Each structure stands twice: as structure tokens, then as C-alpha cells.
Protein chains: 2
Amino acid sequence: MNRPQRKNNPDAVRARLLECAARLIVDEGLPALTLENVAREAGVSKGGLLHHYPGKNALIDGLFEEVVDWFEGQVEDALEPVETTPSRFSKAYLRVVAAIDMSVPEERRLAVLMLMLSSDPHYCARWNQWVEARLQRHAETDLTPFARTLRLAADGLWLSDLGGGPDSNPSVRREILAFLEHLDATEAIPAGSPEQGGQ
Amino acid sequence: MNRPQRKNNPDAVRARLLECAARLIVDEGLPALTLENVAREAGVSKGGLLHHYPGKNALIDGLFEEVVDWFEGQVEDALEPVETTPSRFSKAYLRVVAAIDMSVPEERRLAVLMLMLSSDPHYCARWNQWVEARLQRHAETDLTPFARTLRLAADGLWLSDLGGGPDSNPSVRREILAFLEHLDATEAIPAGSPEQGGQ
DNA sequence: CAAAACATACCGTCTGGACGGTTTTTAAGC
DNA sequence: GCTTAAAAACCGTCCAGACGGTATGTTTTG
């Protein structure tokens, strides 16, 4: 309602482009991600798409960065206020992943990230870079085996979200999370002994 | 040395075809999986490849089934003899995944499975079917949250194997496994209360 | 009017697959 | 055991369609 008579709205178009690309990947698989499909779904011509993103790679790159940014924000928000909380980062990581509701388009994009990660070594490397940077920032709290296990389990959940595995069932998921939190409250966890990083 | 003078050896050719397809996917990415590439790598013509597998899908299907069969055998072998061992199946699952050495071509195929799982919903469904069948067979021991967590973590490790994430480091991995086994030896785990299956 | 935001038409390449040969292996008939 | 016919294994070529990308308009915006 800001400017109703304005016909062009490039920012909205770019957003729609990314949105549609994500939807295509998740719902119809990677091979369905063609310039023509994305353009059609977004109600633009292929030329129009190519105008905003000068190539397929640029499109995917844009998608990647958008999703990572979003995820980063989510994790940041999920961080507990007490900075010395054990496994602080990994807990937030798990919380965000576990909260994914695939019926919400916004959150569905995380599936895109997972897809890109497992299919393209390039994005995989960039993702690892991101994770390791966070890990370094939270070295005091998140280098313990328990923290790693939390993130590992989160990745497992994440993966199961992609294909609706047996662990994507909400009630099962709740049970797993409850178990993990129960573990957290137990002294069964050995004292955090951050290992010297192996490169 | 069975039949040295035999020029044709279709079974060996089929095996090489699958082998090369797997290598191509893992080393050069999914888009490198073309009929021509596979045929050339296997030392066969495209026509020859099409003779054994009447289409690309047939090739991929063959690869999928072979890998699943291999994984199934590995897990079967890793099963503890005592049938009532808690989390029996999930422990074997984790053991197999954790033992993956990406430098061994045979084991590298698991990466192929992961790739196919995350890229094609169809194979994802078939995989879920496999897992749920096993879960049903081991319902007495593997429906607990701890068992699920084990498999989730295994999936996380599996995924990290693909792109060499921070958890693919051997020493880190050992530490995680040790932690998981430590947990297993603890009474921190609530009694197994198999939830009623949700569909 | 200039630049950005689109659309249309088109091209080159690649890939899956069809098709028709050729050679090898197997099986049958004698 | 030898001949021969058929089936299986395999090759090389060609083609239709899809896809990414370019080139060239046309409209909108400032």
C-alpha cells in the first residue's frame, strides 16, 4: 500500500525469485531448479531473472547467503543470555533446527541449505567455515563432546526434515528433545575439556 | 582366473559401471554423472552402458540398491549377539557410520547414498521405508529416545563425512563416540517406553 | 532522456536415449 | 564334435529436447 501505482518493484521481485527457487528445490528436487521454472513461478520472464541475477550461480549464491543469514539470526536469537552456559551455542543451534516447521515457507528454506550442503562441495566448505567460526567464538562452551553431540543430533533432525523420516514426527521429536534436555541436567556429562583443535 | 579367455564378462562390467558412477558422484558431484562419463570411465561405450541399464534411472536405481544392500549387511554384521541389548540396532547403525573411511572406495559409496537421499525425494522415501522396517523389527530395543539420538548423531556424522566438517576429524570423532558409549553405561537414560507409533 | 526493469527471440551446447550395426557367447541340431 | 542359428554383449552415430546464456528490443522510473 506504500506505492500502489508503482508497477515495478525490483526488491520484491528478487525476493520472489529466491522464494520460488527455494520452493522448487524443496518440493520438486534440485533438477527442477532451472532458470525457466524459477522465472515462470515468480511471474517474470527468463530475461528478467537474468537481469537481477546474471547467471544461475548468482541466483544460487544469493539463495545460499540469504538462508545462512536467516539461520544465523535465528541462532543468535535462540542464544541463552548467560554467556557461560555450557553448550550455549550448540543448544541454540539445536533449538532452531528442532523448531523447523516445514509447512512454513520461511523455515522451509533451511531444507534448501541442507540440500546445497550435501550436493555441492563448494557450499559445503563455506558452511563449514561458518560453523567453525562460530565454534571458535564459543570455544569456551561448545567444544565438549556433549555440545558436539547436540549439533550432530540437530543435523540428523535437520536431515530427517528433508524427507519426512521417522524422526520428523512431532511427538517423537519432542521426546528426543526432552531426553536431550534431561541429559543436560544430569552430571553424566564429563567436565568440558576442550580438545586442541585439529586442522 | 575363473575364465581367463572369456572376453566378455557382463557381471564385472555392471559392477564397474556402478563403481565408476559412485566415484563420479562423490568426486566430481552429481552433475558429472552423465551416461557418457560413466561409460568412458568404465571402459564401455554409451551403447554398452545402455544395454545393461536401459536408462539413467535404471543405473541410479541399481546403484541405490547396491549401496543399501551393502549398508544392510554391514549393520547386520555389527549387531551385538545378545538380542535384548538396549538400542541394539541403533548402536550397530552408529558403529557402521562412524567407521566410514572415505579413502576406501567401497565405503565411499555411503556418501553416494547420502547424496541421493538429500537430492531425490523418491530415494528418500525408499530409505525411510528401509529404516522404519528395521525399526519395527527392533521395536523392543530401538524405540527409546536414546536409540533415536544415537541414530540422529550417526546421521550427523554421516553428513559431516560428505563435506569434511569439523566433526569429521578422527580424534574429535573418537571423543564423541567415547562420550556416547559413556552415556550408554550410565543410568541417566530413562527406561525404554516405546511410544505408540505415529504415522 | 538516461538508466533501470523488464520482455522476446534466438543460439550453442550438452545429454539422454533411440537405432542399426558388429562381435562374442550360448544353445540346438545333427 | 562340428555347424549353425539365436541370443546376449557391445559399439558408433544421430537426433530431439532442454537448458544456460546472449542479444536486442520495449516499457517504466527518476
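Remember, it's a predicted structure, so these values are computed and weren't measured experimentally.
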Between N or O atoms, less than 3.5 Å apart, protein on one side and nucleotides 16-20 of chain D on the other: list the pairs.
{"from": "D:dG20", "atom 1": "OP1", "to": "A:Lys56", "atom 2": "NZ", "distance (Å)": "2.7"}
{"from": "D:dG20", "atom 1": "OP2", "to": "A:Leu35", "atom 2": "N", "distance (Å)": "2.9"}
{"from": "D:dG20", "atom 1": "N7", "to": "A:Lys46", "atom 2": "NZ", "distance (Å)": "3.2"}

Nucleotide [N], atom [atom2] - distance to [atom1] of [X] in whole Å:
| X | N | atom1 | atom2 | value |
| --- | --- | --- | --- | --- |
| B:Asp11 | D:dA8 | CG | P | 14 Å |
| B:Asn9 | C:dT25 | CG | C1' | 12 Å |
| A:Tyr53 | D:dG21 | OH | C1' | 18 Å |
| B:Arg16 | D:dA9 | CZ | C1' | 13 Å |
| B:His52 | C:dG17 | NE2 | P | 17 Å |
| B:Arg40 | C:dC14 | CZ | P | 12 Å |
| B:Leu50 | C:dA18 | CG | P | 7 Å |

In terms of relative ring orientation, are B:Phe146 and A:Phe179 parallel, tilted or perpendicular, with 30° and 60° separating the classes?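 It falls in the perpendicular class, over 60°.
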Would you please classify the geometry between the A:Phe71 ring and the A:Trp158 ring as parallel, tilted or perpendicular, with 30° and 60° separating the classes?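 Because their plane-to-plane angle is under 30°, the rings of A:Trp158 and A:Phe71 count as parallel.
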Can A:Asp61 and A:Tyr123 be counted as having a side-chain donor-acceptor contact under 3.5 angstrom?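 A:Asp61 vs A:Tyr123: donor-acceptor pair found between side chains.
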From the options C:dA5, D:dA9, D:dC11, select the nucleotide whose nearest atom is closest to the side chain of B:Ser45.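 Of the options given, the side chain of B:Ser45 lies nearest D:dC11.
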Side chain of A:Pro10: nearest nucleotide among C:dA7, D:dT22, C:dC6?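 Between C:dA7, D:dT22, C:dC6, the one nearest the side chain of A:Pro10 would be C:dC6.
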If the condition is salt bridge (Lys or Arg N to Asp or Glu O under 4.0 Å), which residues does A:Lys56 pass it with, not counting sequence neighbours?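 Salt bridge (Lys or Arg N to Asp or Glu O under 4.0 Å) check on A:Lys56 returns nothing, list empty.
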Going by the salt bridge (Lys or Arg N to Asp or Glu O under 4.0 Å) test, which pairs reach into residues 70-85 of chain B, not counting sequence neighbours?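 Of all non-adjacent pairs touching residues 70-85 of chain B, those that pass salt bridge (Lys or Arg N to Asp or Glu O under 4.0 Å) are B:Glu72-B:Arg134, B:Glu76-B:Arg134, B:Glu80-B:Arg95.
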May I ask you to evaluate whether A:His51 reaches the phosphate of C:dA5, defined as a side-chain N or O under 4.0 Å from OP1 or OP2?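 So the side chain of A:His51 is within the cut-off, an N or O lying under 4.0 Å from OP1 or OP2 of C:dA5.
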Might you work through the salt bridge (charged side-chain N to carboxylate O under 4.0 Å, His left out) test for B:Lys91 and B:Asp142, ending with a clear yes or no? CA-CA 9 Å; B:Lys91 280 180 191 171; B:Asp142 285 85; over 6 Å; no
